[in-house]
Q: 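Sending over a structure as structure tokens; questions will come in a sec.
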Number of protein chains: 2
Amino acid sequence: MPTIYDVAKLSGLSKTTVSRVINNHSYVSEEKKNLVLKAMKELNYTPNPSARKLRGQVTTTIGVIVPRIVNPFFSYLVDSIEQVAYKNGYHVLIFQSNEDKEKELVFLNLLKTKQVDGIIMTSIENDWSIIEPFTESGPILLCNEYVNNANVPIVRLDQYKGAYIGVKHLLEKGHRKIGYCTGGLFAEEGKDKDRNQGYQKALQEAGIEPDPKWIFVNQHSIEDGKQVVKKILSMEDRPTAIFTGSDEIAGGMMIEAKECGLKIPNDLAIIGFDDQPLAQMLDPKLTTIRQPIDQMGIKAMETLIDMLNDSEVKVETFELPIELVVRSST
Amino acid sequence: MPTIYDVAKLSGLSKTTVSRVINNHSYVSEEKKNLVLKAMKELNYTPNPSARKLRGQVTTTIGVIVPRIVNPFFSYLVDSIEQVAYKNGYHVLIFQSNEDKEKELVFLNLLKTKQVDGIIMTSIENDWSIIEPFTESGPILLCNEYVNNANVPIVRLDQYKGAYIGVKHLLEKGHRKIGYCTGGLFAEEGKDKDRNQGYQKALQEAGIEPDPKWIFVNQHSIEDGKQVVKKILSMEDRPTAIFTGSDEIAGGMMIEAKECGLKIPNDLAIIGFDDQPLAQMLDPKLTTIRQPIDQMGIKAMETLIDMLNDSEVKVETFELPIELVVRSST
DNA sequence: TTGTATGCGTTATCAT
DNA sequence: ATGATAACGCATACAA
């Protein structure tokens with residue numbers, strides 16, 4: 001590996017001058033500049049990022065923490081973040097937390113040690129009180145998941161409205177017995193809190209009391225979806241429609257429903273969440289909630305870049321719209 | 001940010017001793033060791049990776065280059081690589097090349113500059129002659145995609161057999177007019193070369209000459225799948241079965257086929273590739289080729305770790321088996 | 001068993 | 001306009 005010193009030697013100049021050329025500083029004559037450029041090319045020289053980082057410079061690297069990259073929601077989110085980042089000369093390090101608190105902290109530490117300039121968190125495992133101190137080491141932005149007491153910019157979707165319009169849609173279709181799947185718990189705080197409220201609000205407006213036995217918590221996978229249908233079938237009093245937390249769960253439910261001879265949407269209406277590619281491939285095509293994932297990623301990365309360039313960026317929350325896509329499963 | 005020096009000061013010892021404790025060296029008395037540990041904890045100290053890298057130590061970071069992370073094949077591959085890596089104390093940097101030569105080189109450069117200890121390439125954009133020099137800077141392993149003249153370990157799937165058994169299956173079902181979709185070109189070399197040969201071989205054994213008009217190149221997306229069906233429908237002489245390059249294309253074909261009133265598998269048999277979750281959610285459920293993605297990722301990462309620990313690892317090619325999953329689309 | 005001194009590659013400060 | 005030098009945080013050769 002050639003170093004800046006090798007370039008200096010070859011071009012017959014000093015390290016300083018070479019450094020000036022690299023960083024586009026002024027006061028370098030055109031002549032010497034070309035000399036340096038030539039030497040750099042000849043040696044196939046690349047500055048050592050570790051050294052630059054150590055020296056306290058920008059790393060032009062940002063980190064994105066996701067729970068699991070195999071979840072299409074997050075892979076698409078990362079993709080859009082990465083596009084914007086690359087255009088602006090940033091690298092993206094992708095970290096999978098696997099919903100593990102320890103791992104999340106390991107990643108946040110990279111901010112402290114100047115491995116990354118900033119971090120976008122798309123999920124939150126630790127208490128905010130634990131995460132908060134890291135904001136002193138560099139900008140942190142919350143994207144998708146959020147906490148109320150965080151003093152950092154937040155880019156998120158209007159999950160409340162997502163659930164609200166979904167359930168509303170089911171009500172308009174004449175359903176009164178509407179079940180609900182959530183990836184979290186059915187609680188006031190924590191994961192999916194906003195969706196929970198949207199669901200309740202819609203029902204409440206229709207004068208309906210949510211039935212606890214139709215509420216399924218901690219649902220994530222295709223397999224979970226299958227189980228939900230089994231559970232429903234074993235009930236005396238069954239829901240006629242289900243609002244799910246993801247297209248995957250909806251897909252799993254469809255598999256099992258067909259297996260059991262249940263007609264969709266007649267016997268059971270299903271509404272998904274995400275509008276993943278598979279939503280239009282399911283049969284019947286899935287009614288679902290579309291989230292502008294790309295826009296969210298773009299807005300998040302752009303905001304982070306603003307924070308990087310100007311430390312006095314206003315702490316704002318951006319709430320992106322969410323929409324209902326009506327297909328044939330409802 | 002506390003440094004090793006701060007820890008030394010607080011514990012009343014020297015930087016050296018602290019360093020010894022950090023790196024678990026011998027010849028440190030239990031007493032002083034505890035002193036150091038206590039100071040580290042108190043200061044919430046984390047060693048600065050940039051400094052360590054600069055000093056020439058291991059980075060405990062490896063890079064994985066993928067074309068696009070939103071492609072489930074690659075997100076699952078990355079996931080399994082990451083699991084193994086994390087267990088062995090390695091971080092994984094995920095790089096999206098977007099099939100861009102320049103970007104690929106940017107990433108390979110991280111090896112030269114000691115940003116990563118090694119690299120797993122799951123795709124190859126540049127000529128091998130361009131990539132080859134980078135092997136001097138650290139171990140490179142080819143996973144999934146490969147080139148014949150590469151002098152590095154390769155972990156890949158038996159794509160030839162994948163296509164062969166798929167087409168064979170269609171032949172056994174009585175099909176004689178078998179179309180083919182590929183993500184690359186239908187060529188001797190380059191992307192999907194092995195699959196191409198498997199397809200041809202199976203046909204040839206049945207005494208059938210591939211019909212060029214039923215061969216669709218550069219097919220990737222759901223949309224591509226839809227187009228394929230449209231093209232087929234416009235033909236006088238239509239294929240009765242299609243071997244596709246991915247479950248997504250197969251899914252796209254199914255959407256369009258239903259749209260056009262084509263019955264699957266009666267009017268058109270479809271076979272996918274990958275056995276993604278969606279394969280079992282399609283209706284009819286998709287016959288497809290299952291690839292042991294997890295195993296491939298595990299084997300790749302384990303091999304890379306071997307290379308990292310012992311520079312004299314034998315250069316081998318590991319070919320993993322691939323299997324046919326018969327469902328209802330054929 | 002512990003400490004001192006040096007250098008990794010880079011950039012910023014201060015001379016010239 | 002250019003160069004010498006210090007400093008970033010760490011790990012190691014060498015000394016004690």
Side-chain angles (χ1 to χ4, degrees), chain A residues 1-40 43-61 109-117 137-138, chain B residues 1-40 43-61 109-117 137-138:
Chain A
M1 263 295 296
T3 75
I4 197 172
Y5 180 72
D6 299 318
V7 177
K9 217 167 43 179
L10 183 61
S11 59
L13 296 162
S14 73
K15 289 194 303 179
T16 309
T17 305
V18 176
S19 176
R20 287 203 180 96
V21 173
I22 293 170
N23 297 286
N24 257 317
H25 279 188
S26 36
Y27 300 125
V28 181
S29 67
E30 202 62 28
E31 177 197 2
K32 315 258 176 188
K33 183 172 170 183
N34 287 330
L35 237 44
V36 171
L37 255 24
K38 184 157 162 283
M40 293 200 335
L43 292 171
N44 189 17
Y45 164 79
T46 322
N48 183 320
S50 293
R52 296 183 120 170
K53 288 175 192 169
L54 183 56
R55 193 57 182 73
Q57 278 306 103
V58 203
T59 73
T60 60
T61 302
N109 252 309
L110 298 177
L111 192 56
K112 260 176 57 180
T113 55
K114 297 284 178 242
Q115 290 297 102
V116 294
D117 293 336
S137 311
Chain B
M1 260 297 294
T3 75
I4 196 173
Y5 179 72
D6 299 318
V7 178
K9 217 166 41 178
L10 183 60
S11 59
L13 295 163
S14 73
K15 289 193 304 179
T16 311
T17 306
V18 176
S19 176
R20 288 203 179 95
V21 172
I22 294 170
N23 297 286
N24 256 316
H25 278 190
S26 37
Y27 302 124
V28 181
S29 68
E30 203 61 28
E31 177 198 2
K32 315 255 176 189
K33 185 171 168 181
N34 288 331
L35 237 46
V36 171
L37 257 21
K38 182 157 163 281
M40 290 198 340
L43 292 170
N44 189 18
Y45 165 79
T46 322
N48 183 320
S50 293
R52 299 182 110 166
K53 287 176 194 167
L54 186 56
R55 189 60 180 73
Q57 280 304 105
V58 204
T59 73
T60 61
T61 302
N109 251 311
L110 298 177
L111 193 55
K112 259 177 57 181
T113 55
K114 298 284 178 245
Q115 291 296 102
V116 295
D117 292 337
S137 311

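Quick caveat: nothing in here was measured; it's all calculated off a predicted structure. Here is the naming used below: chain letters follow the sequence lines, and residue numbers restart at 1 for every chain.
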Q: Reckon R52(B) has a side-chain N or O less than 4.0 Å from the OP1 or OP2 of dA11(D)?
A: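 Yes, such a contact exists.
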Q: Tell me if a side-chain donor or acceptor on N23(A) pairs with a main-chain N or O of H25(A) at a distance below 3.5 Å.
A: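 Not a single qualifying donor-acceptor pair exists.
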Q: Looking at S19(B) and K15(B), would you say the former's side chain and the latter's main chain have a donor-acceptor pair under 3.5 Å?
A: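 Answer holds: no.
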Q: In chain order, what residues pass the side chain to side chain contact (heavy atoms under 4.5 Å, CB included) check against N44(B), with sequence neighbours excluded?
A: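 Partners of N44(B) by the side chain to side chain contact (heavy atoms under 4.5 Å, CB included) criterion, ordered by chain and then number, come out as K112(A).
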Q: Applying side-chain hydrogen bond (donor to acceptor under 3.5 Å, both in side chains), name anything that partners N109(B), two or more places apart in sequence or on another chain.
A: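 N109(B) satisfies side-chain hydrogen bond (donor to acceptor under 3.5 Å, both in side chains) with T46(A) once adjacent residues are dropped.
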Q: Could I get the full list of side chain to side chain contact (heavy atoms under 4.5 Å, CB included) partners for L111(B), not counting sequence neighbours?
A: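 L111(B) satisfies side chain to side chain contact (heavy atoms under 4.5 Å, CB included) with V116(B), I119(B), S137(B), I140(B) once adjacent residues are dropped.
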Q: Could you write out each protein N or O paired with an N or O of nucleotides 4-6 of chain D at a distance under 3.5 Å?
A:
residue: dA4(D); atom: N7; partner: T16(A); partner atom: OG1; Å: 3.2
residue: dA4(D); atom: N6; partner: T16(A); partner atom: OG1; Å: 2.8

Q: Given that S50(B) and T17(A) both sit by DNA chain D, which one's nearest nucleotide is further toward the 5' end?
A: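 Comparing both residues, the 5'-ward one is T17(A).
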Q: Sequence neighbours excluded, which residues qualify as side chain to side chain contact (heavy atoms under 4.5 Å, CB included) partners of K38(A)?
A: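 For K38(A) the side chain to side chain contact (heavy atoms under 4.5 Å, CB included) partners, ignoring immediate neighbours, are E42(A).
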Q: Using a distance-only test with no angle check, is there a side-chain donor-acceptor pair under 3.5 angstrom linking T17(A) and S14(A)?
A: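 Looking only at side-chain atoms, S14(A) and T17(A) do form a donor-acceptor pair, the distance falling under 3.5 Å.
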Q: Regarding S19(B), tell me which of base, sugar-phosphate or nothing describes its non-hydrogen contacts under 4.0 Å with the strands shown.
A: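 It contacts base atoms.
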Q: Report the distance from atom OH of Y45(B) to atom P of dA11(D), rounded to the nearest whole Å.
A: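 For the pair Y45(B) OH and dA11(D) P, the rounded distance is 6 Å.
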Q: When you measure from the side-chain N and O atoms of N23(B) to the phosphate of dA11(D), is any distance below 4.0 Å, counting only OP1 and OP2?
A: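 Checking N23(B) against dA11(D): at least one side-chain N or O falls below 4.0 Å of OP1 or OP2.
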Q: Give the angle between the helix axes at the two ends of the helix from dT1(C)-dA16(D) to dT16(C)-dA1(D), taking five base pairs at each end and rounding to 10°.
A: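 Here the local axes at opposite ends form an angle of 40°.
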